[in-house]
Each structure stands twice: as structure tokens, then as C-alpha cells.
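Read through the structure below, which is laid out as C-alpha cells, and then see the notes.
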Number of protein chains: 2
Amino acid sequence: MTVSRVLRNRGDVSQATRERVLAASKRLGYVPNKIAGALASQRVNLVAVIIPSMSNMVFPEVMTGISEVLEESPLQPVVGITHYRPEREERVLYEMLSWRPSGVIIAGLEHSDASRAMLENAGIPIVEIMDTDGTPVDSVVGISHRRAGKEMANAIAAAGYKRIAFLGTKMPLDHRARKRFEGFTGALAKAGIEMADHEFYSGGSALLKGREMTETVLKRTPDIDFLYYSNDMIAAGGLLYCLDNGIAVPGQVGLAGFNGIELLDGMNPKLATMDACRREIGRKAAEIIARCTEAGLDHADERIELTPRLSIGDTLQRG
Amino acid sequence: MTVSRVLRNRGDVSQATRERVLAASKRLGYVPNKIAGALASQRVNLVAVIIPSMSNMVFPEVMTGISEVLEESPLQPVVGITHYRPEREERVLYEMLSWRPSGVIIAGLEHSDASRAMLENAGIPIVEIMDTDGTPVDSVVGISHRRAGKEMANAIAAAGYKRIAFLGTKMPLDHRARKRFEGFTGALAKAGIEMADHEFYSGGSALLKGREMTETVLKRTPDIDFLYYSNDMIAAGGLLYCLDNGIAVPGQVGLAGFNGIELLDGMNPKLATMDACRREIGRKAAEIIARCTEAGLDHADERIELTPRLSIGDTLQRG
DNA sequence: ATGAAAGCGCTAACAG
DNA sequence: CTGTTAGCGCTTTCAT
């Protein structure tokens with residue numbers, strides 16, 4: 001009836017009636033039932049955001065970007081965490097789709113067959129984020145991690161480093177870390193450099209693991225002159241290890257991480273890294289969904305590849 | 001009809017029929033419409049989680065605790081961010097309540113009148129988290145920040161420090177930081193110590209701000225012998241500043257932070273801090289909601305005060 | 001063990 | 001401008 005019109009300020013309602021309704025609804029502490037509303041209108045102002053984790057600094061920042069743009073729209077993000085496990089992704093996706101959201105933003109391009117099928121048949125805009133190395137269901141916004149690894153390798157080789165080690169996460173399911181690794185080794189090979197050592201870890205405090213792995217590698221292969229880490233946090237641990245142990249940086253060993261986390265701004269020397277454009281990815285993805293929703297489109301087919309900026313810092317240049 | 005019974009495996013359905021239905025639903029890629037289901041059953045397996053921010057390390061970890069326990073239940077968390085702004089909290093709360101969740105977990109005890117009214121009239125279990133210094137709407141799980149500040153002050157005084165400064169966030173709306181500050185100054189006063197200096201900041205990279213504020217304070221009040229920071233991140237920045245500038249820690253100045261973030265595990269020397277029990281708070285809060293939902297209760301009236309553990313580390317003891 | 005019927009609280013379309 | 005009437009896709013209850 002009229003009440004519904006007032007609460008959504010739609011249609012023509014006289015000023016007097018409108019005020020009367022508003023007053024009453026406030027007095028009664030009335031909160032509309034969106035469930036019924038959504039069922040009747042076949043519209044749900046929710047966007048499903050599916051990400052692997054919340055514990056490292058990368059996804060919270062993607063979320064920040066998403067929130068920023070969604071806050072200026074009627075849309076609301078709803079997040080689900082997969083812990084990098086395909087079967088959890090499947091379940092989370094199923095749960096979320098059963099609420100008929102206006103769109104989904106999902107990390108990564110690799111999904112189980114079932115997940116992919118759900119995404120394809122959802123009939124809503126899908127944006128796969130973070131990574132552009134692959135074929136998206138609908139839209140994609142991210143960076144090429146393969147290229148990121150390659151460019152870092154080239155920068156390191158160009159700086160004259162020869163005995164290079166890679167330290168990273170042992171996550172067969174972290175496809176982005178894997179692609180960086182592949183791009184990195186590939187480019188080194190092309191430059192005629194073979195990786196001198198590598199070390200992987202899983203779980204635990206990243207900063208601490210960074211220290212430990214750095215010690216392990218440096219003891220095992222003492223002539224290492226560069227350490228490339230799969231993320232900034234372990235790189236920061238490695239840097240602290242070097243500082244504590246009188247290892248000259250970048251004189252004796254050079255260091256580089258990945259992500260461009262804010263944390264590094266306060267470190268001295270400043271770590272070399274590559275910005276993963278996390279916030280921007282979140283913004284762009286949200287914009288696509290917002291635009292589709294407004295236009296009533298069920299897909300966008302956009303492809304946005306951002307360019308990670310290499311930041312040399314103080315740890316990627318020969319003494 | 002029968003289909004509905006199968007999909008929720010309720011009631012008696014013959015094995016044959018059940019399998020037929022399952023097969024068909026898989027083939028058609030059928031995803032049930034929870035909106036309709038929720039409307040009909042008046043049950044929604046969603047828990048509203050309302051927190052101020054996602055960017056510092058504290059709330060993601062609370063979320064981890066919540067997820068851990070909710071994952072073993074049919075409940076799903078839905079998070080809303082308030083940016084420490086009461087008017088945003090009001091809006092987010094309104095939006096979430098209009099989905100009729102099974103419960104709400106909300107940070108802090110101070111809310112606008114409207115928010116409080118909504119919480120009181122929601123008819124679902126409410127758990128206010130992080131802070132126990134105040135009167136909850138229903139249940140509360142957290143720590144006493146006033147006491148945390150007090151205990152840190154006592155530890156510092158007991159270690160013999162006399163010229164103490166406080167460095168923290170300038171957030172009139174961060175009630176927990178404020179309460180720690182109050183507890184801290186109160187206890188110092190009782191020990192006959194007046195705060196020697198203080199400095200507040202807002203925005204920007206915490207690690208970097210920690211450096212800057214530390215420099216400012218140390219230059220302004222050179223005889224400072226202890227720096228208490230309102231969070232670990234700025235404390236870490238302060239520590240790095242001291243290390244870089246040849247200021248002996250804890251010989252010349254002692255340092256302490258707050259939160260017990262994992263980041264500190266990899267630092268050397270190890271910062272003194274106080275664990276805010278973030279993950280445990282998340283777990284306990286989620287357990288209350290889960291228990292109520294299972295029992296069909298609309299409130300719990302529980303009060304759980306956790307005890308933050310003081311970690312002396314290497315920076316809170318005279319040389 | 002299965003089907004039929006009656007809503008859940010709203011919105012949409014149409015009358016007045 | 002305001003009221004009325006059908007559903008939205010499920011669950012629930014009651015028959016069969």
C-alpha cells in the first residue's frame with residue numbers, strides 16, 4: 001500500500017501522508033523486511049565477494065576498494081572466505097547465490113567445474129579479480145602475475161645480481177604466487193641465470209617465517225646475492241634478519257618482495273617491491289557491478305589489466 | 001512439495017524419490033532461493049557482524065575467530081563496516097536488521113540512541129564485543145580496556161620508568177583507545193607519575209606515523225624514558241626509529257604497544273605488548289549466537305570478560 | 001510416503 | 001494521489 005511507496009520514496013505521495021507514515025514508522029521502530037521485499041521485487045542489493053583469506057594484508061585492502069565504491073550505491077558487499085580451498089569456494093558460492101545477489105566478485109580465475117557452472121548460470125554479472133592470466137567467466141580485473149614475476153626477474157638481472165634465490169609460500173592452491181614464480185624463473189632462464197636456491201613455507205607468522213627461511217637459505221647457499229620473496233611480509237622478515245646479523249643490504253644481498261603493502265613505508269632501508277594494485281582492483285570490480293546493476297545488465301565482459309609499479313626502494317641496486 | 005523435503009532432508013521420503021530429485025536438481029543446476037525459503041520459514045541463517053574497520057590487523061582477526069566457529073554451524077557471517085562513524089553504524093545496522101539475521105555481533109558498547117533502540121527491539125541475540133567497560137544491550141564479550149591501560153601503567157612504573165609519554169590515535173570515536181588512555185593516566189597518577197608528553201595522530205601508514213611521532217616526542221622531551229603506544233603497529237614504527245637512530249632500547253627508552261599482533265613475533269628486540277584476545281573474542285561471541293540459535297533463544301545475557309596477557313618482551317625492563 | 005493449499009511481508013500493476 | 005489485488009518461491013500444515 002501507500003506505506004511501501006513512502007519508504008522507498010517512489011510514486012507520487014502527498015507530503016502530508018508521507019510525513020505521517022514516516023512518523024509512525026519511526027515511532028513503532030519499524031524495520032522493513034527485505035526478505036519479503038526482495039522476493040516480491042526480484043531484486044537484491046547485495047553483491048557477493050568471495051576471497052581466499054582475510055589474514056594477510058592483501059584482501060582487506062581489496063575490500064576497502066570495493067566498499068568505497070559500493071558505499072555510493074545502494075549495493076552492499078557480503079563477503080565469504082574460502083581459505084584457498086576449492087571445495088569451500090564451491091560451498092560459499094552456492095550459499096551466496098542462493099540469496100540471488102546482484103553480482104559476484106570472486107578472487108582468481110581457477111575454479112572447480114561446479115563453481116564455474118554456477119557462475120556461468122547465475123545470470124548476474126561476475127567479476128573475477130586479482131589475476132588476468134586465464135579465461136574469465138565474464139569480466140576480469142587484475143594484474144598479470146606471470147608478467148609481474150618476469151619484470152622483477154628482469155630488474156634483478158639488470159642490476160647485475162647473479163646468485164638469486166626465491167622464498168615463498170608453499171601453496172599449491174595459491175595460483176597467483178605460483179604464476180609469479182613461473183614468470184620469475186622463466187625470465188631468469190631467458191637471461192641465462194639459473195635459480196641458485198629456493199625455500200617454501202606454509203602457515204605461521206609471515207615475518208618470523210621470513211627470518212627463518214632467510215637464515216636457512218643464506219646458510220645453505222652462502223654466495224646468494226639476491227632474495228626474491230613471494231610477499232612483502234616475509235621479505236620484511238628477511239630484511240630484519242639481515243639487519244640483525246650484519247649482512248649488508250643491498251651490498252651483500254639484495255631483497256625484493258611483492259604487494260606494495262603500506263607496512264614497508266616505515267621500514268628503513270625501504271624494500272623493493274611491486275605494487276599489486278589491490279585497492280584499485282577492488283574499486284574497478286565494484287564499479288563494473290554497480291554499472292551493470294544500474295543498467296539492468298547481466299554481464300559486462302570487461303577486461304581490465306592493471307600495471308603493477310615496480311618500486312626499487314633501497315634494496316634492489318648494487319651497493 | 002516433496003522436492004523441498006528432499007533438499008532439506010526432512011520428513012519421510014522414499015530413497016528412490018530422494019535420489020530422483022537430487023539427480024534432477026543437479027542436472028538442472030538448481031540453486032534454491034533462500035529468499036523465499038527465509039520468508040516462508042521465518043528463519044535466516046545469517047549473523048550480522050558490525051565492525052569499525054578492516055584495515056588494521058585487529059578486526060580481521062576477530063573475524064577469523066567468528067568464522068572458525070560459525071563454519072561448524074549452519075550460520076554464516078555477514079559483515080558491515082562503520083569506519084568508526086555512528087551514523088554509518090546506524091545505517092549498516094538498519095540494513096542488516098532488515099534481513100532478519102539470527103543474531104548480531106557488534107563492536108563496542110557505545111551506540112547512538114537509534115542504534116541502541118534497534119538492537120533492543122530486534123528480538124534476536126546481540127553480542128557486543130571488544131570492550132566490557134559499560135552496559136551491554138544483551139551479551140558482551142571482551143576485555144576491560146581501562147584495566148589494560150592501568151596494568152600497563154603499573155608494569156611500567158614497577159620497572160622504574162619515570163618520564164613516560166603516550167603516543168596514540170587521535171580518534172574521539174575510538175572509545176577503546178580512549179579508555180586505555182584513561183586507565184593509563186589514572187594509574188600513573190596514582191603512582192605519583194605525571195605523563196611527561198603525549199602525541200596523537202590520525203590517518204596514514206601506522207608504521208610510518210610511529211616513526212614520526214617518536215621523533216617528535218623524543219626531540220621535544222629528550223629526557224623521556226618510556227613510550228607507550230596505543231597500538232603495536234605505531235609501536236613497531238617507534239622501535240625501528242630508535243634502532244635506526246642509535247637510541248638504546250630498553251636502555252635509554254622502553255617501549256610498549258597494545259594488541260599482541262603476530263607481526264611482533266618476528267621483530268628483534270621483541271616489543272612489550274598486551275594481547276587483546278581478538279581471536280578468542282570472536283570465537284566466544286560466535287558461540288553465544290550459535291547456542292542461542294540452536295536453542296531458539298532470543299537473548300543470552302552473558303558477560304565474558306577475558307584477561308589480556310601482558311607480554312614484557314625485550315623492551316619493558318631497564319637495561 | 002506424497003500431494004494440495006495456505007500463507008510469509010512485501011512490490012507491481014491496476015483501479016478508483 | 002491512494003487503495004486493491006495478485007503473486008514472488010518457498011515452508012508448513014493438513015489431507016490423502
Side-chain angles (χ1 to χ4, degrees), chain A residues 1-46 48 74-76 78 94-103 118 121-124 293-294 296 298, chain B residues 1-46 48 74-76 78 93-102 118 121-124 293-294 296 298:
Chain A
M1 47 146 105
T2 321
V3 175
S4 166
R5 280 190 271 253
V6 174
L7 266 14
R8 292 174 297 140
N9 35 185
R10 208 198 282 311
D12 309 297
V13 185
S14 78
Q15 196 53 36
T17 326
R18 144 170 278 112
E19 275 164 21
R20 220 151 34 80
V21 173
L22 254 24
S25 101
K26 172 157 280 184
R27 185 162 37 76
L28 271 356
Y30 172 78
V31 177
N33 187 329
K34 286 222 181 196
I35 303 173
L39 184 59
S41 66
Q42 305 286 306
R43 249 192 312 255
V44 179
N45 287 329
L46 259 27
L75 267 20
Q76 272 226 328
V78 179
Y94 183 83
E95 291 290 320
M96 301 215 132
L97 287 182
S98 69
W99 285 102
R100 302 291 187 267
S102 293
M118 283 192 266
N121 300 323
I124 51 176
T293 304
E294 203 159 351
D298 67 348
Chain B
M1 48 144 106
T2 320
V3 174
S4 167
R5 280 190 272 254
V6 173
L7 265 14
R8 291 174 297 137
N9 36 180
R10 208 198 283 310
D12 309 297
V13 184
S14 76
Q15 194 54 34
T17 326
R18 144 171 280 113
E19 275 163 21
R20 221 150 35 80
V21 173
L22 255 23
S25 100
K26 171 154 282 183
R27 186 161 38 76
L28 272 357
Y30 171 78
V31 177
N33 186 329
K34 286 222 181 196
I35 304 173
L39 183 59
S41 66
Q42 306 286 309
R43 250 192 307 264
V44 179
N45 288 328
L46 260 25
L75 266 20
Q76 272 224 327
V78 180
L93 183 58
Y94 183 83
E95 291 290 321
M96 302 212 130
L97 287 182
S98 70
W99 285 101
R100 303 289 186 267
S102 294
M118 283 191 266
N121 300 323
I124 52 176
T293 305
E294 204 160 352
D298 67 350

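Atom set for the values below is all heavy atoms of this structure, side chains included, hydrogens, waters and symmetry mates excluded. So that the names make sense, note that chain A is the first sequence line, chain B the second, and so on, each numbered from 1. For clarity, every value in this text was computed on a predicted model and none was experimentally measured.
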Atom CD of B:Q42 and atom C1' of D:dT13 are separated, to the nearest Å, by 15 Å
Side chains of B:V78 and B:W99: closer than 4.5 Å at any heavy-atom pair? no
Do A:D298 and A:I124 have side chains that get closer than 4.5 Å, going by heavy atoms? no
Here the pair of heavy atoms bringing B:P32 nearest to A:R100 is O-NH1, 3.5 Å
Under 4.0 Å from OP1 or OP2 of D:dG9: is there any side-chain N or O of B:Y30 that close? no
I need the CG-P distance between A:N33 and D:dC8, as an integer number of Å. 18 Å
Would you say B:T17 places a side-chain N or O within less than 4.0 Å of OP1 or OP2 belonging to C:dT2? yes
Grab the CG-P distance between A:N45 and C:dT11 for me, whole Å please. 12 Å
Heavy-atom distance under 4.5 Å between the side chains of A:K34 and B:E95, does that happen here? yes
On DNA chain C, more 5' by nearest nucleotide between A:A38 and B:A40 is B:A40
Rounded to whole angstroms, how far apart are CG on A:L39 and P on D:dA6? 18 Å
Side-chain N or O of B:R43 less than 4.0 angstrom from OP1 or OP2 on D:dT12? yes
Output the rounded distance in Å from CD1 (B:I35) to P (C:dC10). 15 Å
Between A:A36 and B:R20, name the one whose nearest nucleotide on DNA chain C is closer to the 5' end. B:R20
For C:dT2, take OP1 and OP2 only and decide whether either is under 4.0 Å from a side-chain N or O of B:S14. yes
A:S4 side chain N/O closer than 4.0 Å to the phosphate oxygens (OP1, OP2) of C:dT11? yes
Give the rounded distance in Å between these two atoms: CD of A:E19 and P of D:dT2. 12 Å
Using atom types as modelled and distance alone, determine if a side-chain donor or acceptor of B:S98 lies under 3.5 Å from a backbone N or O of A:V31. no
Which whole-number value in Å describes the distance from A:K34 NZ to C:dT11 P? 10 Å
